[in-house]
Amino acid sequence: MNMVATLAPYPDTTFGSTVYHLKSGGSGTILDINDLCLWYGAAQALHNVQMSVEKGLVTALIGPSGCGKSTLLRCINRMNDLVDNLRITGGIRLNGEDIYDRSADVIALRKRMGMVFQKPNPFPMSIFENVVYPLRVDGVRDKALLEETCERALRGSALWNEVKDRLDQSALGMSGGQQQRLCIARAIAADPEVLLMDEPCSALDPIATAKIEDLINELAGQYTVVIVTHNMQQAARVSDNTAFMYLGRLIEYGDTEVIFQTPKSPKTQDYVTGRFG
Amino acid sequence: MTDAAALQQESVPMSKSTGRRTDMRSRGEPALWSLGGALAIGIIMILGFLALVFSNGVETFIPKPITVVTGIDGTVTAGEPFRSELFKPTPEDFAKASPDWQARIKDANGYANRTLYRMGNFDIYGEDFRWVPDFMAAKIEQPHGLVFVERMEWGPFVGTVKSIKVDGVERPFTTLDDTAFVKAHETARDRSKAIRKIERVGINDVNHALEQERLGLRKVELASGRNSAEYKDAEARLTGISAGLQQRYDALSADVQKLREINAGNTITLAEIGGREKTIEFSALVRAYAANDLSFAQKAGVYVSRWAEFLGSEPREANTEGGVFPAIFGTAAMTLLMVIVVAPFGVITALYLREYAQQGRLVSFVRISVNNLAGVPSIVYGVFGLGFFAYVLGGSIDALFYPERLPNPTFGTGGLLWSALTLALLTVPVVIVATEEALAAVPRSMREGSLACGASKWQTIKYIVLPRAMPGIMTGVILAMARGAGEVAPLMLVGVVKLAPELPVDGMFPFVHLERSFMHLGFHIFDVGFQSRNAEAGKPMVFVTTVLLIALVTLVNATAIVVRNRLKKRFAGSQF
C-alpha cells in the first residue's frame, strides 16, 4: 500500500482531464470502464478512470510504479475482490454487461477472461493438466476435447513443438520463458474474450521476452489483449493503443504511435522521453 | 626522502597493525561456543540414552551361562549372574568374611562387591534372586550339564533334568537334543495349542451364542414384559437352545479333558542344585537349554527364538515373560484409529480457520485457544475422555443400542474407540497449527492463477492449495502420530489394561471391536517396570519393550517421512 501513500500530497488541480485520441480499426468496444474509483482502505488508488478497450486490438497500460495500472487490470477480472478493505465506485462493462453488478457471477466472469501474471505461476501438475485446468474446473471430462484444446492452446502459445513429447511431465521442470508461455496457453485454453497480461515479461530474459512479444503480436486480432508493462519499447512494439497512467489517473489514452511520438499531454511527454518514471 | 615522508610512509602500515582489533565478544565467538556446546550436550544425552536402552535391550535375550557359587557357609547358589554392585556389608556379614577379605574390604573403605544371581525355581525357593557377596563365595564355577528351563508358570527353573516320562512310560534322559525329548516337547506343545484353540474358538463360540440368546431374551423382556406371551415363547426357545449348547460345551470340555490327561502323562522331572525335585508337564515347558554347553549357533538359536516369542506371543507371568504381541497390536490399532480421526478433523478445522473464516479477533482467539490446548496436561484429557466419551457418549450409546446388556457397560467404559478419540483431541492442535502454516505458505500467485482460470475458491483449495500444502500437513500428522503413540497417562483412564483377554480385532462378528479395552506398549513398560511383583525380573523387559517402542515409532515416522518427501519431490523445481 506504499504506492498509494504518495498520492495524497498531490492536489487534484495538477491534473487536467484525460486526453483521448483512440486508434480505430478494432471491431467495436469490448470493455467499457466508466468513472472507476478505487480505494484501499482510506487511500484512493484510482481516480475516475474512463476508458474503453477496442475489441481485437492490443491495449498497453504504461506508467511509473504505483500509478495504478496493475490495480486497473485486476479490476477487469475482479481479482481485487481478494483484497480486504477494498472499495470501488463506477463500473466496468464487458460487452455491455456490468461486471460489478450485484448479481454478476464472478467465477463465470473470470472464465471469459484469461490472465497472465508477472511471475510465471504454473501449477504443480503435468504440462497437460496445467493447460486444461480451466476446462477441468469447468467440469469437462471429454478426453478428446481436452487433448484437442491442449494442442490448440500450446500451438497458440508457440510451445507445442517444444513440449509435445513430454506433456505428462511436471510443468515445474520447464524454463522460466517456457513456463510463462505455458501460462499464456492456460489463459487462452478456454478461448477467453479478453486476455489480461500483468507485466508478463518482467521476470524473463531478453530472448524469452522477444518470444512472448512475438506471441502477443500473433494473438492480436484473435484476442483482445490488455497488457500492463514497465517497458516502453515493449508497449511501442506490441500495442495498438496505449494508456498512460500517473498517480491513479488516466492521463492520456490513444494511438500508440501518437503517444510515443507526439504525445498530447506534457506529463506523457515527460514520461516517454524518460524525464521521470 | 625527507624524514617527515619516511615517517608518514612508516606510519601507514603502523596504524593498520596497531589499530583496534575486533574483540572476541563482538565477533560472537563465546556465543558460538555456548551454542555448539549446548548442541553437543543435547546430542550426547540423546545418544547416551539410546545406547543405554539399546545395549540393555539387545543383550537381554542372549542366553547367559549358569554359575554355581558355593558359599563359605556351605550354601549353594546356582543361577545367571544378573548384575553386580558395590555395597557396605553389615558388621555380622563382615565378621563372616575371611581375614584376607576383611583386610581388602577395609582397604576399600568398607565396600565390597556383590553379585545378584537369578536362581529361578521360585516354586521351591520362594525367591528368584539372591545377592552373593564376593567374600562369601568359596568356589565359583560353571559346571556342564546344568539346564535353564523356561516354564509357563513359576518362572525359569535352573538345575538338571532327572528323567522324562513319555505317554506314561519312563524314558531315560540323554540330552536336550535327543529326538525323543524334542518330539515329546513338540507334541505336548501342539496339544496345548489344540486345547487353547478349543477354548478360544469352540467354547468361546458356545459362550457367545449363549450370551446372545440370553441378551435376546432380555430384549424381549424389555420390549414386552416378563408376563407376555412373547417372553414365554422366547424363554422356552432359550431353554431348548441352551440345552443344545450345553451339549456342545460338554463335548468340547471332554475333548479338552482328554488332551489334558495325555499331557499329564508326558512329564519331565527336574532337580535343583540342592537335589530337590520338581515334575512338570511337557506342555508347561517353553524352552530348555544346557546353558553352559551351548555352541555359538545354539546360542543364536535361543536368542532368535526368544525374540520371536517376544514379538509374536502373549505375555505370561504378570507380563514379565512371554511376548508383547497384544501390546504391539493395541498400540498400532489405537494410533491408526487416532490418525483416521485426527487428520481429517484437524485439516478441515485449519482449512476453515485459514481460508474461510473472517480474520479478526474471534479467529485470533480461537487460534490462541487451539495452541493452548496443546499445553494442557495429558491426564486432563484422560479425565475428560473418561467423563465425556466413556460415561456420557458411551453411556448414551449403551442406553440406546445395548439396553439388554446393562448394567454391564458395552461402550460405557474405557475402550479402543474412546482412547483413540481422547488422543485425537490431545493431538489435534498439532495438526491444526501445522496445517495452517502449510496453507499460509502456499504462494498467493498460485491461488490467483487458479482463480483467474475461473476456478471457484473451493476448486482452488482442492486442486492447488491442498496438494501443495500436503507435505506440511503430513509433517503435522507425523508429529501427532509420534505424540499419540508415546502417550500413556490419559490412556490409563480410558481403556488401556494390564492384560486384555482378547484383541480388538478377531474372527467374531463384527470383527473390529472398538469397545474393547486393549494393551499398549507404553503402559506395558510402566506396568512391567513398576507394577509387577517381580521388579527385578521385569527390568530387562522394560528395556526390550522400550527398544521395541522406539523402533516402532521410528518405523512409523520413517514411513511417513518417505511419503512426505515423495510428495515434496512433485513440487521440486518450483520457482517460488
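Each chain gets a letter, A, B and so on, in the order its sequence line appears, and its residues count up from 1.
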- [ ] Determine whether more than 12 heavy atoms belonging to other residues, nucleotides or ligands lie under 6.0 Å from atom CD1 of I207(A).
- [x] no
Task: Which atoms of R447(B) approach chain A - backbone, side chain, both or neither, heavy atom under 4.5 Å - done: neither
Open item on the list: Using heavy-atom distances under 4.5 Å, tell me whether R74(A) contacts chain B through its side chain, its backbone, both, or neither.
Closed with: side chain
TODO: Describe, in one word, how the ring planes of H520(B) and F518(B) are oriented to each other, choosing from parallel (under 30°), tilted (30 to 60°) and perpendicular (over 60°).
DONE: perpendicular
TODO: May I ask you to check whether Y133(A) and F123(A) place their ring centres under 6.0 Å from each other?
DONE: yes
Open item on the list: Using only non-hydrogen atoms and a strict under-4.5 angstrom cutoff, which residues of residues 90-110 of chain A touch chain B?
Closed with: I107(A), R110(A)
TODO: Taking atom CZ of F365(B) as the centre, report whether more than 12 heavy atoms of other residues, nucleotides or ligands fall under 6.0 Å from it.
DONE: no
TODO: Determine the option with the most heavy-atom pairs under 4.5 angstrom with chain B, choosing from M115(A), R136(A), M79(A).
DONE: M79(A)
Open item on the list: How close do P429(B) and V370(B) get, counting heavy atoms only, and between which atoms?
Closed with: CB-O, 3.3 Å
Open item on the list: Once rounded to the nearest 0.5 Å, what's the spacing between atom CD1 of I127(A) and atom OG of S170(A)?
Closed with: 8.0 Å
TODO: Give me the ring orientation class for F384(B) and F389(B): parallel if the planes are under 30° apart, tilted from 30 to 60°, perpendicular past 60°.
DONE: perpendicular
